[in-house]
Amino acid sequence: DELLSHVKSQDLYLKHYQLVCSASIVILMQLGFTFLEVGSVRVQFTKSILMKNMVDMVLSALVYFAVGFGFAFGDGKPSNGFIGSTNFFLNANTSASDVHHSPAGWIYHWSYCATAATIVAGAIAERTQLAAYGV
């Protein structure tokens, strides 16, 4: 019985480790997208591309923390079944074995959110200024 509980706790650690490693790989994709964008534009737009990608990472982290996690994983029963209306600001009441509602799960899901924003930013590289991109 003690061995089984030890194996289950190690399994939970491995799941968290897998999520963090996978998120790290996805976040490294950001670097690749940045290199691709910088290589595709004129030299004068390099700083703008770098700032835009950094702003994407920071703002996507803040917005996903505030509302994105709740929209994706919140309980939508009070209003509808399409979008969540609870669990904003990572206020999730779940069991300890639910890895997707843990900080490691948040990092994993946020990394995909940030990557999606950067892909869109690459499509408009050199076509907008940083201030216009924020709108």
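Numbering of residues begins at 1 and proceeds along the displayed sequence. Please read these numbers as outputs of a predicted model, since none were measured by experiment.
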Participant: Do Val41 and Val55 sit in one hydrophobic cluster, given that two such residues count as connected whenever their side-chain heavy atoms are within less than 4.5 Å of each other, even indirectly?
Facilitator: no

Participant: To the nearest 0.5 angstrom, please state how far the CZ atom of Phe45 sits from the CZ atom of Arg127.
Facilitator: 11.0 Å

Participant: Scan residues 43-62 for pairs that pass side-chain hydrogen bond (donor to acceptor under 3.5 Å, both in side chains), counting only residues two or more places apart or in two chains.
Facilitator: Thr34-Asn53, Asp56-Tyr133, Ser60-Trp110

Participant: If you round to the nearest 0.5 Å, how far is OG of Ser24 from CE of Met29?
Facilitator: 13.0 Å

Participant: If hydrophobic clusters are built by linking Ile, Leu, Val, Met, Phe, Trp and Tyr wherever their side-chain heavy atoms come under 4.5 Å apart, do Ile83 and Val67 end up in the same one?
Facilitator: yes

Participant: For Leu36 and Ser40, work out which heavy atoms get closest and say how close.
Facilitator: O-OG, 2.7 Å

Participant: Report the relative orientation of the aromatic rings in Phe65 and Phe89; use parallel for angles under 30°, tilted for 30 to 60°, perpendicular for over 60°.
Facilitator: perpendicular

Participant: Could you measure the distance from the CD atom of Gln30 to the CE atom of Met54? Nearest 0.5 Å is fine.
Facilitator: 10.0 Å

Participant: Taking Ala125's backbone N and O only, do any of them form a donor-acceptor pair with Glu37's side chain (distance below 3.5 Å, no angle check)?
Facilitator: no

Participant: Calculate, to the nearest 0.5 Å, the distance between atoms CH2 and OG belonging to Trp106 and Ser111 respectively.
Facilitator: 9.5 Å

Participant: With rounding to the nearest 0.5 angstrom, report the CZ to OH distance, Phe69 to Tyr64.
Facilitator: 6.5 Å

Participant: Could you pull out the closest heavy-atom pair between Ile107 and Ala23, with the gap in Å?
Facilitator: CG2-CB, 3.6 Å

Participant: Nearest 0.5 Å, what's the CD-OH distance between Gln18 and Tyr108?
Facilitator: 8.0 Å

Participant: Which residue in the set Ile119, Leu28, Ile49, Val38 passes side chain to side chain contact (heavy atoms under 4.5 Å, CB included) when paired with Phe33?
Facilitator: Ile119

